[in-house]
Amino acid sequence: MSHTTIMHVYPGEKVEYGEELENSWGSAPYVWDFMGNKYVANFSMFRGESMNNLWQLWKKKVIPLHHRAVLFMTFDRVYVSKADYARAAKDIRLFLQDYNDTSVVNHWHHIAEIFESNPDVPAIGFYMTSVSDNPFFGGWDEEKEDYLPPNWEDCHDVYSQLDGLGI
């Protein structure tokens, strides 16, 4: 079964594996289902056009900030800096007040608890599903037989990006 991995991010330096959460449907798809059905006409996670429309929602200021923040946390190569752990936990808790489907797997309560515990790492990101390559890894180095570090220019701080929109 697929899993989501909490990544310990040291921006500009490295990433390390943290905790694994079984069944990745409880992470990104949980958020995508709610956001898509609420904000995208004729939404389907299995249609590229629907997903492209979904990806743009994080920028739309008419959508509540806590919805946009949690959506943005599901993107590849994004992370929440330690200074924003409490803010992330609060946004996740607000999101869960709006959408808390108990009939499906949902990791977001636990993810909020992780942020609330204020772990001693500079940032937290997510490898949302083990059925694809870890987005925090760079290309494969044949000589070292290991992954290269990520291109840090492609990695983004969730709240720096949101705040940069002039919220």
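Taking K14 as the reference, Y10, E16 meet the side-chain contact (heavy atoms from CB on, under 4.5 Å) condition, with sequence neighbours excluded. Looking at residues two or more places apart in sequence or on another chain, you find a side-chain contact (heavy atoms from CB on, under 4.5 Å) between P119 and Y85, I114, S117, V121, I124. Evaluation of the salt bridge (Lys or Arg N to Asp or Glu O under 4.0 Å) rule for E116 yields R93 as partners, not counting sequence neighbours. Residues forming a side-chain hydrogen bond (donor to acceptor under 3.5 Å, both in side chains) with S24 (at least two apart in sequence, or on another chain): S2, T129. Residues that satisfy the ring-ring contact (aromatic ring centres under 6.0 Å, His included) test with W25, not counting sequence neighbours, are absent from this structure. With sequence neighbours left out, the side-chain hydrogen bond (donor to acceptor under 3.5 Å, both in side chains) criterion links T102 to no other residue. Listed by chain and residue number, nothing satisfies the side-chain hydrogen bond (donor to acceptor under 3.5 Å, both in side chains) test with N23 (two or more places apart in sequence, or in another chain). Here T5 pairs with nothing under the side-chain hydrogen bond (donor to acceptor under 3.5 Å, both in side chains) rule; sequence neighbours left out. E153 pairs by the salt bridge (Lys or Arg N to Asp or Glu O under 4.0 Å) definition with nothing, not counting sequence neighbours.
Annotation: side chain of V80 is not in contact with side chain of R87 (no heavy-atom distance under 4.5 Å). Proximity of V105 to Y30: side-chain heavy atoms (C-beta onward) are nowhere separated by under 4.5 Å. At a threshold of 4.5 Å between non-hydrogen side-chain atoms, the residues I111 and M73 do not count as touching.
Atom CG of L71 sits about 11.5 Å away from atom NZ of K59, to the nearest 0.5 Å. Rounded to the nearest 0.5 angstrom, W108 CH2 and N100 CG are separated by 13.5 Å. Atom NZ of residue K61 and atom CG of residue L162 lie 10.5 Å apart, to the nearest 0.5 angstrom. From N134, atom CG reaches atom CE of M128 across 12.0 Å, with rounding to the nearest 0.5 Å. How far OH of Y159 is from CG of L65: 7.0 Å, rounded to the nearest 0.5 Å. Taken from CD1 in I92 to NZ in K90, the straight-line distance is 13.0 Å, to the nearest 0.5 Å.
Relative ring orientation between W32 and W55 is described as perpendicular, the plane-to-plane angle rising above 60° on a 0-90° scale split at 30° and 60°.
Taking each heavy atom of L21 and H110 in turn, the nearest pair found is CD2-CD2, 3.5 Å.
Judged purely by atom type and a 3.5 angstrom limit, H107 uses its side chain to pair as donor or acceptor with the backbone of E22.
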When the side chains of residues 33-48 are checked against the rest of the protein, which donor-acceptor pairs come out under 3.5 Å, sequence neighbours left out?
unit_1, atom_1, unit_2, atom_2, d
D33, OD1, N37, ND2, 2.9
D33, OD2, Y99, OH, 3.3
N37, ND2, D33, O, 2.8
Y39, OH, H67, ND1, 2.7
S44, OG, F46, N, 3.1
R47, NH1, N42, O, 3.4
R47, NH2, N42, O, 2.3
R47, NH2, S50, OG, 3.2

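Its side chain within the 4.5 Å cluster rule, Y147 clusters with M7, V9, V15, Y17, Y79, Y127, F136, F137, W140, W152 among the Ile, Leu, Val, Met, Phe, Trp and Tyr residues. Hydrophobic side-chain contacts under 4.5 Å tie V131 to no other Ile, Leu, Val, Met, Phe, Trp or Tyr residue.
Side-chain polar atoms of Q97 and H66 form no donor-acceptor pair below 3.5 angstrom.
Residue E13 qualifies as enclosed at atom CD: its count of foreign heavy atoms under 6.0 Å is above 12.
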